Amino acid sequence: MWLCEKAPQCRGISIPKPANESMPAKADTAYDAVLQLLYSYSLVPGQHLSDQELACKLNIGRTPVREALIRLAAEGKILSAPQRGYFTRPLVEGALLDSYAVAREVLAFALTRRRPHFPFTGTSCDDLSPGELTVRAEMIFAGIAEGSSNCEVCKIIDKFCFCSHPLRMKIIASELHAAFRESLSRLTEAMSQFGKATTLVESALMNHLDVEQRAIAHVVQEVNKGRLTEFPRVARSF
């Protein structure tokens with residue numbers, strides 16, 4: 001089974017950092033910087049990612065940026081096309097529907113494996129900005145995954161959150177934002193019972209995923225309207 005770098009922490013084990021590792025490696029710093037930048041880049045599906053442009057924008061050398069892109073492609077967060085380079089993932093309806101189907105099963109499994117008294121705290125969604133609402137949803141998904149103490153679950157949900165991030169951003173910028181905020185509010189309230197009332201949390205979770213999933217066709221149509229790109233056809237071969 002794949003093990004993440006935080007495997008001991010997933011199991012509740014605290015390991016002190018060696019004195020000679022007080023600073024993160026250059027490759028890890030580049031990865032984190034590129035990943036954060038991609039949260040805005042991902043709003044343009046199928047966009048080419050130039051290591052030179054990323055290096056200039058982030059003021060980081062091209063070699064660690066290239067290593068970060070290779071790692072992100074290996075994780076499935078971006079796509080690599082031979083002779084063409086790296087691209088943000090296109091919004092493809094079938095692929096998104098498949099990812100939600102997997103996420104539902106994995107999150108439902110995680111709820112059955114949660115650690116007793118796993119803490120979750122979250123303020124009301126009423127005053128959250130659109131961007132904060134997206135982060136709140138993804139924090140909840142990640143929290144449920146982490147509560148299972150299963151690194152493979154964490155890996156799957158981490159990829160799901162990243163790849164479906166642009167979908168959420170589009171939802172909360174559309175007429176569907178009210179339904180999104182309402183269902184997320186119910187999920188946030190239910191999470192106060194995380195580790196105690198599994199049925200309550202699962203019901204609220206699946207209801208919120210329903211809201212997101214029902215928006216897929218509409219969002220994909222709006223995003224891809226009038227766009228002429230061959231990359232989605234290439235992407236399906238990966």
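Predicted model only: the values in this text are computed from it and were never measured.
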Chemist: What residues form a side chain to side chain contact (heavy atoms under 4.5 Å, CB included) with Thr63, not counting sequence neighbours?
Modeler: Arg66, Glu67
Chemist: Of all residues at least two apart in sequence or in a different chain, which pass the side chain to side chain contact (heavy atoms under 4.5 Å, CB included) check with Leu176?
Modeler: Ile171, Ser174, Ala215, His218
Chemist: In the structure I gave you, are the side-chain heavy atoms of Leu49 and Leu38 within less than 4.5 Å of one another anywhere?
Modeler: yes
Chemist: Would you say the side chain of His177 lies within less than 4.5 Å of the side chain of Pro130, judging by non-hydrogen atoms?
Modeler: no
Chemist: How far apart are the closest heavy atoms of Val201 and Ala190, and which atoms are they?
Modeler: CG2-O, 3.3 Å
Chemist: Between Ser80 and Ala73, is there a donor-acceptor pair closer than 3.5 Å when you use the side chain of the first and the backbone of the second?
Modeler: no
Chemist: Partners of Glu105 by side chain to side chain donor-acceptor pair (under 3.5 Å), sequence neighbours excluded?
Modeler: none
Chemist: Taking the side chain as everything from C-beta on, heavy atoms only, tell me whether Pro166 gets closer than 4.5 Å to Leu91.
Modeler: yes
Chemist: Of Leu69, Val34, Ile60, which is the lone residue that meets side-chain contact (heavy atoms from CB on, under 4.5 Å) with Asp51?
Modeler: Leu69
Chemist: Measuring only between side-chain heavy atoms, which start at C-beta, is Tyr39 closer than 4.5 Å to His165?
Modeler: yes
Chemist: Any side-chain to backbone donor/acceptor pair from Arg181 onto Leu128? Under 3.5 Å, distance only.
Modeler: yes
Chemist: Please check if Ile140 and Leu200 belong to a single hydrophobic cluster, counting links between Ile, Leu, Val, Met, Phe, Trp and Tyr side chain heavy atoms closer than 4.5 Å.
Modeler: no
Chemist: Relative to each other, are the rings of His208 and Phe141 parallel, tilted or perpendicular (30° and 60° limits)?
Modeler: tilted
Chemist: Consider side-chain contact (heavy atoms from CB on, under 4.5 Å). Of Glu202, Met139, Met191, which one does Ile144 pass it with?
Modeler: Met191
Chemist: Compare all side-chain heavy atoms of Phe180 with those of Leu133 and state whether any distance is below 4.5 angstrom.
Modeler: yes
Chemist: Just how far is it from atom CG of Leu184 to atom OG1 of Thr134, taken to the nearest 0.5 Å?
Modeler: 9.0 Å
Chemist: Applying salt bridge (Lys or Arg N to Asp or Glu O under 4.0 Å), which residue pairs with at least one partner in residues 72-82 are found, sequence neighbours left out?
Modeler: Arg71-Glu75, Glu75-Lys77, Lys77-Asp158
Chemist: Atom CZ of Arg113 and atom OG1 of Thr198: how far apart are they, to the nearest 0.5 Å?
Modeler: 12.0 Å
Chemist: Using the rule given for side chain to side chain contact (heavy atoms under 4.5 Å, CB included), can you reason through Phe162 versus Leu35, listing the C-alpha separation, both sets of side-chain angles and the distance that settles it, and then say yes or no?
Modeler: CA-CA 9 Å; Phe162 181 85; Leu35 184 62; 3.5 Å; yes
Chemist: Between Arg89 (side chain) and Gly76 (backbone), is there a donor-acceptor pair under 3.5 Å?
Modeler: yes
Chemist: Closest heavy-atom contact between Gly131 and Ile172?
Modeler: N-CD1, 4.1 Å
Chemist: Could you list all the ring-ring contact (aromatic ring centres under 6.0 Å, His included) pairs where at least one residue sits in residues 54-79, not counting sequence neighbours?
Modeler: none
Chemist: Is there a side-chain contact between Glu222 and Lys170 in this structure, where contact means two heavy atoms from C-beta onward sitting under 4.5 Å apart?
Modeler: no
Chemist: Would you compute the distance between atom OG1 of Thr112 and atom CG of Leu107 and round it to the nearest 0.5 angstrom?
Modeler: 11.0 Å
Chemist: Residues in side chain to side chain donor-acceptor pair (under 3.5 Å) with Glu93, at least two apart?
Modeler: none
Chemist: Going by the rule side chain to side chain contact (heavy atoms under 4.5 Å, CB included), which residues pair with Ser99 if we only count those two or more places apart in sequence or in a different chain?
Modeler: Leu96, Phe160
Chemist: Would you compute the distance between atom NZ of Lys159 and atom OG of Ser164 and round it to the nearest 0.5 angstrom?
Modeler: 11.5 Å
Chemist: Any salt bridge (Lys or Arg N to Asp or Glu O under 4.0 Å) involving residues 208-221? Give me the pairs, sequence neighbours left out, ordered by first then second residue.
Modeler: Arg104-Asp210, Arg168-Glu212
Chemist: First locate atom CD of Glu182, then atom CG of Asn207, and finally report the distance between them rounded to the nearest 0.5 Å.
Modeler: 8.5 Å
Chemist: Residues in ring-ring contact (aromatic ring centres under 6.0 Å, His included) with Tyr31, at least two apart?
Modeler: none
Chemist: Given side chains that start at C-beta, do those of Ile216 and Tyr100 come closer than 4.5 Å, heavy atoms only?
Modeler: yes
Chemist: Give the C-alpha distance, both sets of side-chain angles, the deciding distance and a yes or no for side chain to side chain contact (heavy atoms under 4.5 Å, CB included) between Phe109 and Val153.
Modeler: CA-CA 9 Å; Phe109 168 81; Val153 167; 3.9 Å; yes
Chemist: Can you list the residues that meet the side chain to side chain donor-acceptor pair (under 3.5 Å) rule with Ser129, with sequence neighbours excluded?
Modeler: Glu132
Chemist: Is any side-chain heavy atom of Leu187 closer than 4.5 Å to one of Cys125?
Modeler: no
Chemist: Please name all residues satisfying side chain to side chain contact (heavy atoms under 4.5 Å, CB included) with Asp98, sequence neighbours left out, ordered by chain then number.
Modeler: none
